[in-house]
Amino acid sequence: MTEGTTTTAAEGSDTLTRLEQEGEIAADYLEGLLDIADLDGDIDMDVEADRAAVSIISDSARELQKLVGRDGEVLEALQELTRLAVHRETGDRSRLMLDIGGFRAKKREVLAALGAKAADEVKSSGEPVKLEPMTPFERKVVHDAVAAAGLRSESEGEEPQRFVVVLPA
């Protein structure tokens, strides 16, 4: 093995260890929140796409709905609080993703389909398609779906009215 390969492997291992640590800190923080709110839920940790991913799951998805809120607003706020808790412990900015009761996973499926449909529309019409305003998470999923369909997309506008435009090839 060459020195460059060793360094790359070590960096990958360090990154994985750091992301696992972020997940552990986030899990501890979220366990505390669940205890305070007197809600039942299990914490699942993973590393996906170079970021820590933490999920709260429960047999009673209805109970967790309180933590998701309308259109995921509470979930977004909890994610930011969890990222701040990780930052406080590590000193590093976290890109951690939080999912509660499978809300983001379901949303990801719907948005990927929306991106693919918009890409198909652009391919057939040759005209750009503007989508409704979305959160950064939602835009990222749509951008990925459009890229997978072989087209380009851009975000335009200012938060919270920022939206995706799917462009012809």
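The structure displayed is predicted, hence computed values, not measured ones.
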Would you check if [X] and [Y] make a side-chain contact, meaning some heavy-atom pair closer than 4.5 Å?
X	Y	result
P136	E159	yes
P168	P128	yes
E63	D40	yes
T135	R139	no
L34	I43	yes
L131	V142	yes

Within a radius of less than 6.0 Å around NZ of K123, do more than 12 heavy atoms belonging to other residues, nucleotides or ligands occur?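 Yes, NZ of K123 has more than 12 neighbouring heavy atoms, counting only those of other groups under 6.0 Å.
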
Is the shortest side-chain N to carboxylate O distance from K130 to E121 below 4.0 Å? no

Carboxylate-amine/guanidinium proximity below 4.0 Å for D14 and R18: no

Main chain of L167, side chain of R152: is a donor-acceptor contact present, judged purely on distance under 3.5 Å? no

Answer with yes or no whether the hydrophobic clustering places [X] together with [Y]; edges join I, L, V, M, F, W, Y residues whose side-chain heavy atoms lie under 4.5 Å apart.
X	Y	answer
L30	L67	yes
I56	M97	no
L33	M45	yes
L19	L98	no
V54	L64	yes

After noting the C-alpha distance and the side-chain angles of V129 and V165, does the key distance pass the side chain to side chain contact (heavy atoms under 4.5 Å, CB included) rule? CA-CA 6 Å; V129 171; V165 178; over 6 Å; no

Does anything in residues 90-103 pair up under side-chain hydrogen bond (donor to acceptor under 3.5 Å, both in side chains), and if so which pairs, sequence neighbours excluded? E22-S94

Once side-chain hydrogen bond (donor to acceptor under 3.5 Å, both in side chains) is applied, what residue pairs with a partner in residues 100-111 remain, sequence neighbours excluded?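 Residue pairs with at least one partner in residues 100-111: E76-R104, Q79-R104, K107-E138.
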
Please identify each residue that fulfils salt bridge (charged side-chain N to carboxylate O under 4.0 Å, His left out) with E156, with sequence neighbours left out. none

